[in-house]
Amino acid sequence: MASQNLQSVPAELSPEEQEREAAGQAYFDRIISEDSRIEPRDWMPAAYRKTLLRQISQHAHSEIIGMQPEANWITRAPSLKRKSILMAKVQDEAGHGLYLYSAAETLGQSRDQMMEDLIAGKARYSSIFNYPTISWADMGAIGWLVDGAAICNQVPLCRASYGPYGRAMVRICKEESFHQRQGFEILLELSNGTPAQKQMAQDAVNRWYAPSLMMFGPPDEDSPNSKQSMAWNIKRFSNDELRSRFVGMMVEQVRVLGLTLPDKDIRFNEETKKWEHGPLDWNEFKEVLAGRGPCNSQRIERRREAHENGAWVREAAVAYTRKQAQKENAA
Ligand code: FAQ
């Protein structure tokens, strides 16, 4: 598909600059139409850069903020094995944040600036991480539903037209698959445990189901970015398409778990060949995005504290780099 962002070349440019811009746009359009990749030094439309920077930085922030709900249970994990698995998972999420911040930096914004925007409450991160984790079963529900939704959304992003993003996603998706399986396994064990344990698992699924469906973003008719992002081969499928696929996956898996999804309206529409779900409370989603979810302020506050407490590490790294450079210059 040809790029649908054929911007007109600004008239105030010199003739040489105009020629360069037009050649850059033609190159960009060809790469997109061939479903090939744009790399950091390639010419790209300003709006493409802006969209990528928005999506990738929001994604990076989600990984970093997403460490908090699970970190809450590291000290209370029911066994040493569960504790070490959970620690590894939370560390993986820090790693995902790092790959994504690095990919975003290639678009010209510093990580310091992105972090400043996050702790100032100016940047978005996924709505899902503003919900509390109130029982051990929530670790299972996050792994199964939240990582499950993340994989469903992110596997197509491995083919995103921006090289650094697509490559980061390949590794992230491999790790998310492990995360999902560990969540599934926690729920399976609880479901096969005592009636109280099974009830705890069901309660966690009941609370995380709707927020995990909202992770895919607003319905297509309310998604201002989807059309252009799909034309640019950043997003490959619409929000509703991915949400429907996710519901289909969960319907199968919940049977194996011996639990139920809290949605009586789930059905496979034979005509459209798509899974449909019951109504979602999009007002709740809007409230969470506006910063008024159950844990929004706590999440940002914790992030701010962690950033301030980590200042000495950043300062030490800068001092070390300076010393190394001085040594090299003196040699
Ligand atoms: N939460 O026009 P659209 C994970 C915003 S990682 C908050 O549809 P778009 C791993 C959207 O940004 C989870 N904001 O936007 C893990 C836009 O904001 P704007 C994160 C949302 O970009 C697991 C506005 O609404 N994953 O879970 C949300 O085309 C366990 C309009 O929406 C990614 O970031 C939301 N749910 O589509 C970690 C994946 N949905 O324009 C720890 C990459 C929408 O005002 C533990 N991102 N908005 O700035 C994407 O695929 C897309 O950005 C979407 C949104 C699908 C999220």
Side-chain angles (χ1 to χ4, degrees), residues 47 50-73 86 88-97 99-101 103-104 117-118 122-131 133 138-160 162 165-166 168-169 172-173 175-180 182-183 208 210-232 234-243 246 280 282 284-291 293 296 299:
K50 194 170 163 207
T51 285
L52 280 168
L53 196 49
R54 175 186 63 79
Q55 179 165 328
I56 304 174
S57 61
Q58 286 178 359
H59 195 166
H61 297 326
S62 303
E63 298 282 356
I64 297 299
I65 296 284
M67 295 165 72
Q68 293 185 33
E70 288 169 294
N72 182 30
W73 280 89
L86 190 58
K89 180 182 191 288
V90 172
Q91 281 172 359
D92 282 353
E93 281 146 14
H96 297 174
Y99 313 149
L100 289 163
Y101 282 126
D117 289 348
L118 176 64
K122 288 191 213 155
R124 284 204 199 290
Y125 58 87
S126 183
S127 48
I128 193 78
F129 302 118
N130 293 304
Y131 291 86
T133 44
D138 287 9
M139 300 303 96
I142 289 186
W144 180 51
L145 288 168
V146 176
D147 285 280
I151 296 168
C152 200
N153 164 265
Q154 290 168 201
V155 166
L157 292 174
C158 296
R159 294 189 291 121
Y162 189 56
Y165 191 31
M169 291 317 306
I172 291 175
C173 284
E175 293 176 353
E176 302 283 31
S177 303
F178 156 75
H179 294 174
Q180 196 205 13
Q182 70 84 41
W208 289 92
S212 71
L213 257 56
M214 292 179 191
M215 285 174 71
F216 293 91
D220 290 351
E221 63 272 19
D222 298 327
S223 164
N225 301 298
S226 282
K227 197 164 168 242
Q228 181 63 77
S229 289
M230 286 169 73
W232 278 329
I234 298 171
K235 284 169 85 160
R236 298 287 174 159
F237 302 100
S238 75
N239 299 354
D240 286 335
E241 169 65 34
L242 290 173
R243 194 170 7 250
F246 176 64
L280 293 169
W282 290 108
E284 176 181 311
F285 177 75
K286 283 181 195 148
E287 282 295 293
V288 173
L289 260 62
N296 291 58
R299 299 289 185 241

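Each ligand, and each atom within it, is numbered from 1 in the order the structure gives. Numbering starts at 1 and runs along the sequence shown.
- If you look at Lys235 next to ligand 1, the close heavy atoms, those under 4.0 Å, all belong to the side chain.
- Ranking the protein heavy atoms by distance from atom 56 (C) of ligand 1 puts Phe216 O, 3.6 Å first.
- Contact annotation for Lys89 and ligand 1: only side-chain heavy atoms (C-beta onward) come within less than 4.0 Å of the ligand.
- Remark: ligand 1 and Arg54 share an N or O pair separated by less than 3.5 Å (distance only, no angle test).
- In terms of protein heavy atoms, atom 1 (N) of ligand 1 is closest to Ser127 N, 2.8 Å.
- At the shortest separation from atom 48 (N) of ligand 1 among protein heavy atoms lies Leu289 CD2, 4.1 Å.
- At a heavy-atom distance under 4.0 Å, no atom of Val288 approaches ligand 1.
- Looking at Asn239 against ligand 1, only its side chain comes within 4.0 Å, counting heavy atoms.
- Looking only at protein heavy atoms, the nearest one to atom 39 (C) of ligand 1 is Asn153 OD1, 3.1 Å.
- At the shortest separation from atom 15 (O) of ligand 1 among protein heavy atoms lies Asn225 ND2, 3.4 Å.
- Within the set Met215, Gln154, His179, the minimum heavy-atom distance to atom 26 (N) of ligand 1 is found for Gln154.
- Considering only non-hydrogen protein atoms, atom 46 (C) of ligand 1 sits nearest to Glu93 OE2, 3.1 Å.
- At a distance under 4.0 Å, a protein heavy atom can be found next to atom 10 (C) of ligand 1.
- Both the backbone and the side chain of Ser223 come within contact range of ligand 1, each with a heavy atom under 4.0 Å.
- Proximity of Phe285 to ligand 1, defined as any heavy-atom pair under 4.0 Å, is confined to the side chain (atoms from C-beta onward).
- The closest heavy-atom contact to atom 12 (O) of ligand 1, among the options Gln55, Gln58, Arg124, comes from Gln58.
- With hydrogens left out, the protein atom closest to atom 23 (C) of ligand 1 is Asp147 OD1, 3.3 Å, a heavy atom.
- Closest to atom 40 (N) of ligand 1, if we only count protein heavy atoms, is Gly217 CA, 3.2 Å.
- Proximity of Val288 to Tyr131: side-chain heavy atoms (C-beta onward) are separated by under 4.5 Å at one or more points.
- Compare Tyr165, Phe129, Tyr125 by their heavy atoms: the one nearest to atom 16 (C) of ligand 1 is in Phe129.
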